[in-house]
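Beneath this line is the structure, given in structure tokens, with notes to follow.
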Amino acid sequence: MSALFLLFLLFLFMLIGVPVAVSLGLSSITTILMFGNQSLTSLAQKFFHTMQVYPLLAIPFFILAGTFLTTGGVARRMIDFANAIVGHFRGGLALAALLASAFFAAVSGSAPATVVAVGSVMMVGMIRSGYSKEFSAGLICNAGTLGILIPPSIVMVVYGAITETSIGKLFMAGVVPGVLLTAMMMITIGVIANKQDLPRQPRADFAKVWSTFREAGWGLLLIIIIMGGIYAGIFTPTEAAAVAAVYAFFIAVYVYRDIGLKSVPKVLIDASRTTVMLMFVIANAFMFAFVLTTLQIPHAATEYITGLGLPVWAFLLVLNFLLLAAGNFMEPTSVVLILTPIVFPIAMQLGIDPIHLGVLMVVNMQIGLVTPPVGLNLFVTAGVANMSLEDTIKAALPWLAVLLFALMLITYIPSISLALPNALGL
Amino acid sequence: MRNIINQFEEILLSGLLAFMTVLTFIQVVLRYIFNTGWVWSLEATTYSFGALVLIGMAYGVRTRSHIAVDMFTRRLSPKLNRAVILFVVAVCLVYCALMFYGATTLVNRLYVLGNNARDIPAPKWLLTIFMPLGFLLLSGRFVEAGLKAYRGDLGALVPTEEERLHTDTKMNEDNAGDLAK
């Protein structure tokens with residue numbers, strides 16, 4: 001009863017356009033006042049305490065690092081490097097667009113910014129070289145989503161903080177699925193390129209590869225510092241994020257010189273705004289999760305689901321549908337925040353690995369970015385490619401099939417996610 | 001006057017973020033190179049984080065950066081849409097009032113207990129006071145947004161689709177020419 005009331009209120013608020021954070025907060029408060037015996041004081045305490053959850057401190061730092069590196073200059077360097085290494089294959093420009101998107105998305109942390117920065121440059125080039133507009137737009141739209149899977153990933157930080165699983169391990173677990181997805185999309189490009197006889201770029205000599213690598217390498221080193229530092233035990237993910245932010249500042253201002261010192265305050269305020277927007281939702285979601293547990297809703301849900309005698313594979317299938325549906329309407333962090341407290345205990349009861357579940361959720365969120373009606377990447381691509389939304393959706397569909405196939409692989413072969421962190425002994 | 005407040009808000013928020021980042025970075029350096037550290041560092045960082053988010057909530061309303069699902073309300077007629085937005089603002093104000101009440105009682109309880117923070121030589125209630133303050137500021141900004149909506153600005157609370165794309169994809173362009181090529 002209380003569960004239904006809580007969820008009904010939450011969806012009602014969200015439906016009429018109450019900000020997601022306020023919807024989560026107010027539905028929690030109302031429910032606890034009506035059904036629980038907790039006071040407003042303890043809810044306020046829960047809210048305030050969210051900013052003292054150590055793993056969540058990584059969020060402002062990763063956002064700051066990404067904001068410093070979200071420049072056209074970084075995008076150009078990634079494109080040049082990607083072109084130098086894969087341009088000479090058949091369909092080379094498309095392969096380069098994919099690789100450059102993966103690089104840029106990983107360091108900037110923003111899927112829509114990737115579509116704009118890499119997409120706007122690469123689409124013009126591809127169309128000029130004889131690629132169809134649909135092919136180019138579909139590729140750019142989907143390639144931009146790779147960033148939330150390739151570490152550092154803010155969605156993973158959020159998942160790790162709610163479930164108290166190791167963020168370092170989650171990051172490592174994202175590596176192989178990220179590479180797998182990129183590889184599958186590359187194979188798709190290869191097949192299409194051979195069929196349509198798409199052009200190659202002239203092969204870049206070693207000197208060119210080296211010089212472009214030296215430019216792009218400074219940005220890519222960010223990922224190595226984070227992953228290497230966490231793996232070697234030099235720092236926690238939160239410290240890694242702070243180091244990344246300071247490193248990104250030096251690279252952007254002194255090495256790349258994309259950003260002048262006078263623009264640094266603007267970067268700081270942009271990053272603060274994004275941080276606040278996310279944290280406002282997260283703090284309210286922590287109250288929401290607190291209300292769920294005090295009313296023992298996850299417990300009841302777990303008993304109900306296990307009582308159905310659902311086999312694990314069926315549960316995973318249902319879970320994927322649920323996540324995909326939710327990902328269609330809300331942005332990734334909100335979905336993870338709302339669904340994790342309910343789904344996690346059930347999954348644990350069924351013996352699903354928490355790290356595997358995390359990767360699964362992130363891949364689902366990635367797909368949500370390119371499915372209508374709210375898929376943000378679709379809107380951005382439509383703008384960049386100057387296409388109608390309907391045409392963009394059609395163009396993205398074949399790639400969506402690739403993503404869904406990869407999702408099935410990642411769902412039913414847990415070792416794709418778990419082999420690397422286990423092998424590293426994390 | 002209003003401009004001064006707005007500017008102060010931005011300086012405070014970016015200052016807090018810079019402070020947190022540099023402090024955490026120094027902590028890593030101190031530990032690995034000099035094998036030492038400041039005990040108060042972590043607590044100073046987390047309380048700054050709290051202040052950043054709590055004061056920033058209001059700034060988020062002013063800059064229209066809070067996320068909401070507007071796919072249904074957007075399709076309403078302007079008149080109906082405006083009514084819905086005003087109702088939404090009322091809902092937000094109820095939320096602010098309840099949270100403000102909870103935050104005040106929290107601060108009051110900490111005041112009565114009179115404990116200091118673990119590592120910072122300051123009483124806990126003083127460090128928590130940003131919470132009622134934050135919700136007070138937030139309600140002020142919601143009222144402001146409500147007035148704007150009443151006068152017909154339908155994007156007063158939640159940005160329109162175009163505005164949001166603009167903020168989501170905005171890039172740091174000292175070198176804006178690069179993309180135009």
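Only heavy atoms go into these numbers, but all of them, side chains included; no hydrogens, no water, no symmetry mates. Predicted model only: the values in this text are computed from it and were never measured. Chain identifiers are assigned alphabetically (A, B, ...) following the order of the sequence lines, protein sequences preceding nucleic acid strands; residue numbering begins at 1 within each chain.
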Verify the ring-centre separation between Phe280(A) and His66(B): is it less than 6.0 angstrom?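 So the answer is yes for these two rings.
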Taking the ring of Phe135(B) and the ring of Phe47(A), is the distance between their centroids below 6.0 Å?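 That pair passes the under 6.0 Å test.
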Chain A contacts, top residue of [options] (heavy-atom pairs, under 4.5 Å):
options                                 : value
Leu17(B), Ile85(B), Leu110(B), Leu16(B) : Leu17(B)
Leu42(B), Val88(B), Leu13(B), Val91(B)  : Val88(B)
Gly60(B), Ala51(B), Cys92(B)            : Cys92(B)

Between [X] and [Y], is there a side-chain N and carboxylate O pair less than 4.0 Å apart?
X         : Y         : result
Glu9(B)   : Arg62(B)  : yes
Arg77(A)  : Asp258(A) : yes
Asp153(B) : Arg64(B)  : yes
Glu239(A) : Arg31(B)  : yes

Less than 4.5 Å to any heavy atom of chain B: does that hold for the side chain of [X], its backbone, both, or neither?
X         : answer
Ala271(A) : both
Tyr54(A)  : side chain
Asn284(A) : side chain
Ile29(A)  : side chain
Phe48(A)  : both
Ile234(A) : both

Are [X] and [Y] side-chain neighbours, meaning at least one heavy-atom pair lies under 4.5 Å?
X         : Y         : value
Ile338(A) : Leu10(A)  : yes
Thr46(B)  : Met51(A)  : no
Met78(A)  : Val107(A) : yes

Pick from Val53(A), Leu43(A), Thr275(A), Leu64(A): which one has the most heavy-atom pairs with chain B under 4.5 Å?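 Answer, by heavy-atom pair count under 4.5 Å with chain B: Leu64(A).
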Heavy-atom pairs under 4.5 Å with chain B are the metric here; pick the option from Gly25(A), Pro60(A), Ala245(A), Ser39(A) that has the most.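 Option with the greatest count: Pro60(A).
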Taking atom types as modelled, is there a side-chain donor on [X] or [Y] under 3.5 Å from an acceptor on the other?
X         : Y         : value
Glu331(A) : Ser334(A) : yes
Thr236(A) : Thr238(A) : no
Glu10(B)  : Tyr59(B)  : yes

Side chain from CB out, backbone as N, CA, C, O: work out which of these in [X] comes under 4.5 Å of a heavy atom of chain A, or both, or neither.
X         : result
Leu138(B) : side chain
Phe87(B)  : side chain
Ser48(B)  : neither
Phe25(B)  : both
Leu76(B)  : neither

Which residues in residues 93-108 of chain B have any heavy atom closer than 4.5 Å to a heavy atom of chain A?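 Under the 4.5 Å heavy-atom cut-off, Val94(B), Tyr95(B), Leu98(B), Met99(B), Tyr101(B), Gly102(B), Ala103(B), Thr105(B), Leu106(B) qualify.
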Give me the one residue out of Val253(A), Ile259(A), Thr70(A), Thr71(A) that meets side-chain contact (heavy atoms from CB on, under 4.5 Å) with Val267(A).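 Between Val267(A) and the candidates, side-chain contact (heavy atoms from CB on, under 4.5 Å) is satisfied uniquely by Ile259(A).
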Kindly compute the distance separating CE (Met277(A)) from OG1 (Thr63(B)), expressed to the nearest 0.5 Å.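 So the CE of Met277(A) and the OG1 of Thr63(B) are separated by 10.5 Å.
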